[in-house]
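Data block below; observations after.
Every chain is numbered from 1 and lettered A, B, ... according to where its sequence line falls, protein lines coming before strand lines.
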Amino acid sequence: MQEAKLLHSRIIVSGLHHQDIYLRQIITSLTTTPNPSSLLHAHRLFDHIPHPSTYIYNTMFRAYASSPYPHQALELYHHMHVHGPLPDNYTFPFLLKACSSLGDIRRGEIVHGQAFKHGFGYDVFVQNSLIILYGASCRVKMARRVFDEMGFRDIASWTSLVTCYANGRSIESARRVFDRMPERSVVSYSAMIAGYVRRSRFKEAVVLFRDMMVAKMEPNDSTIMSVLCACANLGDTNMGKWLHSFLSRKTKNQFDSRITTALIDMYFKCGSIKKALKVFEGAKEKHVGEWTAMLSGLAMHGLGTQLIEAFEEMISSGVKPNGVTFVALLSGCTHSGLVNEGMRYFDRMTSDFGIEPNIVHFGCVVDLLGRAGFIEQAVHFIRDMPVKANAAIWGALLSACRVYKNVEVGELAASWLINDEPWNGALYMVLLGLYRDAGRWDEVERVKEEMKKVGCRKSPGCSLIEVDGICREFVVGDKSHPLTFEACSTLASIISEFEN
DNA sequence: CTAGGGTTAG
């Protein structure tokens, strides 16, 4: 910022001669730092320029398009349209990107019309941006039409189409497009892998990543982040460790903040608490993301006391928590039975940290109270919430009712849930269990018939584990493994040890 | 100076 101010004064001193050179530097430096205040500063500078060049306009468009205020890009274009220089081929991709982030197809089409008027309607970059625009608003057919009508397509055109399908209904269609690509870049692979991860198709993501390595493509941070997420969900420690050492080889243990976050999460989800802690300790800077991954990891391992200690350490080190941090903190308190602590943190969330709780936080509190058996308090809490309860909240309440055999409240929660999500098979199973445990056999039959009538089924629960480098997948009631009997008897003895 | 990919929660 100091440097920017210095440059600003040099512009004033040197007159308008070199305005473009200096302004390009200053505005670029201000707009590439992801900071809303520097963007504001850049705009203030921009306002002082008597006749900004198209280039300078474009720099502002680019900055706004990928900022939290894409609308500003369109406002500024309006100003350019009235007072400014003519737009060039760089202008419209930025503006279309702004429309994509807004999800505003109508304005995007107006911008496209403008592009035509200035002779850039058939520009590849413009058309690629159009594909992304339609894709971002789930208009896959329109995106396809633009793609089909293009006279010339580059890798980005194909990749954009892959992204459209991957975000849309069919990941298989995305893969078909991907397979038909004349050539693929790292980004093409990353887009497809990210698509698999978003649809929870983690195995396919890892398989494609292996293909990518065979094709001698160098993965970048974005690729690795997606694959780390897949490893975390698969419990694929081997691949996770391999990615970790790959990163170390490349950057000597100084990772990008988001990579560090993803690594911590991966190790926790794969059960390596020690390695997760080591990555965390080794991070040169600990932002809110690293801390939150740390806290949620401690939460998922039931380490409530350490979680609270870590949270307090985070606060005293001057890092500000965000909404996600509190989800980790609250859910950690829930799983360690720390009801009072959890409730106190929920109160402090607004009073001490100025974070407005959202529906997810309310859900955490319902879960916190419910799992501890405070069903009535949970009901009161739901009634007093400033927002309408959603399926997650009724689900948490229903589960608690099943555990504590509260049929009355359970029925209430279930009726709301059935209203919201009639296709949700899991909810019928919980309700069924509630009636069964309460010995209400006539009701059990009624629920079963209701399930048949609605035609919903609960897909059997499944999980997987990696042992000695071999990944095993199993479903509820699975007896196919030769050591099933031994495993069950060992488990039974562990459980009886807990109970005694 | 343009387009394409991305983490932490339940």
Could you tell me the separation between the [atom1] atom of [X] and the [atom2] atom of [N], rounded to a whole number of Å?
X: I193(A); N: dG6(B); atom1: CD1; atom2: P; value: 11 Å
X: L330(A); N: dT8(B); atom1: CG; atom2: C1'; value: 15 Å
X: D123(A); N: dT2(B); atom1: CG; atom2: C1'; value: 8 Å
X: Y189(A); N: dG4(B); atom1: OH; atom2: C1'; value: 15 Å
X: I155(A); N: dG4(B); atom1: CD1; atom2: P; value: 14 Å
X: M225(A); N: dG4(B); atom1: CE; atom2: P; value: 16 Å
X: L161(A); N: dG4(B); atom1: CG; atom2: C1'; value: 12 Å
X: R153(A); N: dA3(B); atom1: CZ; atom2: C1'; value: 16 Å

Using a 3.5 Å distance criterion without hydrogens, assess whether the side chain of S101(A) forms a donor-acceptor pair with backbone atoms of K97(A).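 Side chain of S101(A) to backbone of K97(A), a donor-acceptor pair under 3.5 Å: yes, one is there.
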
Return all side-chain donor-acceptor pairs below 3.5 angstrom for residues 74-81 of chain A, not counting sequence neighbours, or 'none' if the list is empty.
residue	atom	partner	partner atom	Å
E75(A)	OE2	H71(A)	NE2	3.2
Y77(A)	OH	Q114(A)	OE1	2.7
H79(A)	ND1	Y57(A)	OH	3.2

Please list, chain by chain and in numerical order, all residues satisfying side chain to side chain contact (heavy atoms under 4.5 Å, CB included) with C164(A), sequence neighbours excluded.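 Counting only residues at least two positions away or on another chain, C164(A) forms a side chain to side chain contact (heavy atoms under 4.5 Å, CB included) with I131(A), A143(A).
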
For [X], report the nucleic acid contact type (base, sugar-phosphate, nothing); a contact means any heavy atom under 4.0 Å.
X: A194(A); value: sugar-phosphate
X: D367(A); value: nothing
X: N89(A); value: base
X: D154(A); value: base

With a 4.0 Å cut-off, would you call R348(A) and E341(A) a salt bridge?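 Salt bridge between R348(A) and E341(A), a charged N being under 4.0 Å from a carboxylate O: no.
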
Distance-only criterion, 3.5 Å: show the donor-acceptor pairs between side-chain atoms of residues 154-162 of chain A and protein atoms not counting sequence neighbours.
residue	atom	partner	partner atom	Å
D154(A)	OD1	N128(A)	ND2	3.2
D154(A)	OD1	A156(A)	N	3.1
D154(A)	OD1	S157(A)	N	3.0
D154(A)	OD1	S157(A)	OG	2.8
S157(A)	OG	N128(A)	OD1	2.7
S157(A)	OG	D154(A)	N	3.0
S157(A)	OG	D154(A)	O	3.3
T159(A)	OG1	I155(A)	O	2.8
T159(A)	OG1	S188(A)	OG	3.1
S160(A)	OG	A156(A)	O	2.6

Side chain of S331(A): nearest nucleotide among dA9(B), dC1(B), dT7(B)?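 Output: dA9(B).
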
From C-beta outward on Y55(A), which listed nucleotide comes closest to its side chain: dG4(B), dC1(B), dT8(B)?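 Minimum distance to the Y55(A) side chain belongs to dC1(B).
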
Contact list please: residues 276-309 of chain A against DNA chain B, heavy atoms, distance less than 4.0 Å, in numerical order.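 Within residues 276-309 of chain A, the residues near DNA chain B are G289(A), T292(A), S296(A).
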
Please work out which residues in residues 125-134 of chain A have a non-hydrogen atom less than 4.0 Å from an atom of DNA chain B and list them by number.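 Only F125(A), N128(A), I132(A) qualify.
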
Those residues that, when tested against F255(A), pass ring pair (Phe, Tyr, Trp, His ring centres under 6.0 Å) (two or more places apart):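 Result, ring pair (Phe, Tyr, Trp, His ring centres under 6.0 Å) vs F255(A): H244(A).
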
Going by ring pair (Phe, Tyr, Trp, His ring centres under 6.0 Å), name the residues that satisfy it together with Y196(A), two or more places apart in sequence or in a different chain.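 Ring pair (Phe, Tyr, Trp, His ring centres under 6.0 Å) list for Y196(A), sorted by chain: empty.
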
Applying the 5.5 Å / 30° rule, does Y90(A) stack onto the base of dC1(B)?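 Stacked: centres under 5.5 Å apart, planes under 30°.
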
My understanding is that only residues two or more places apart in sequence, or in another chain, count here; which of them pass salt bridge (charged side-chain N to carboxylate O under 4.0 Å, His left out) with R371(A)?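 Testing R371(A) for salt bridge (charged side-chain N to carboxylate O under 4.0 Å, His left out), a comparison that skips the adjacent residues, returns D367(A).
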
Side-chain donor/acceptor of S185(A) to base of dG4(B), under 3.5 Å: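 Looking at the base of dG4(B), it does pair with a donor or acceptor on the side chain of S185(A) (distance under 3.5 Å).
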
Looking at the rings of Y122(A) and F152(A), which for Trp means the six-membered one, are their centres under 6.0 Å apart?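 Here the rings of F152(A) and Y122(A) have centres that are no less than 6.0 Å from each other.
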
Can you list, pair by pair, the side-chain donor-acceptor contacts under 3.5 Å of residues 274-284 of chain A, counting residues two or more places apart and other chains?
none

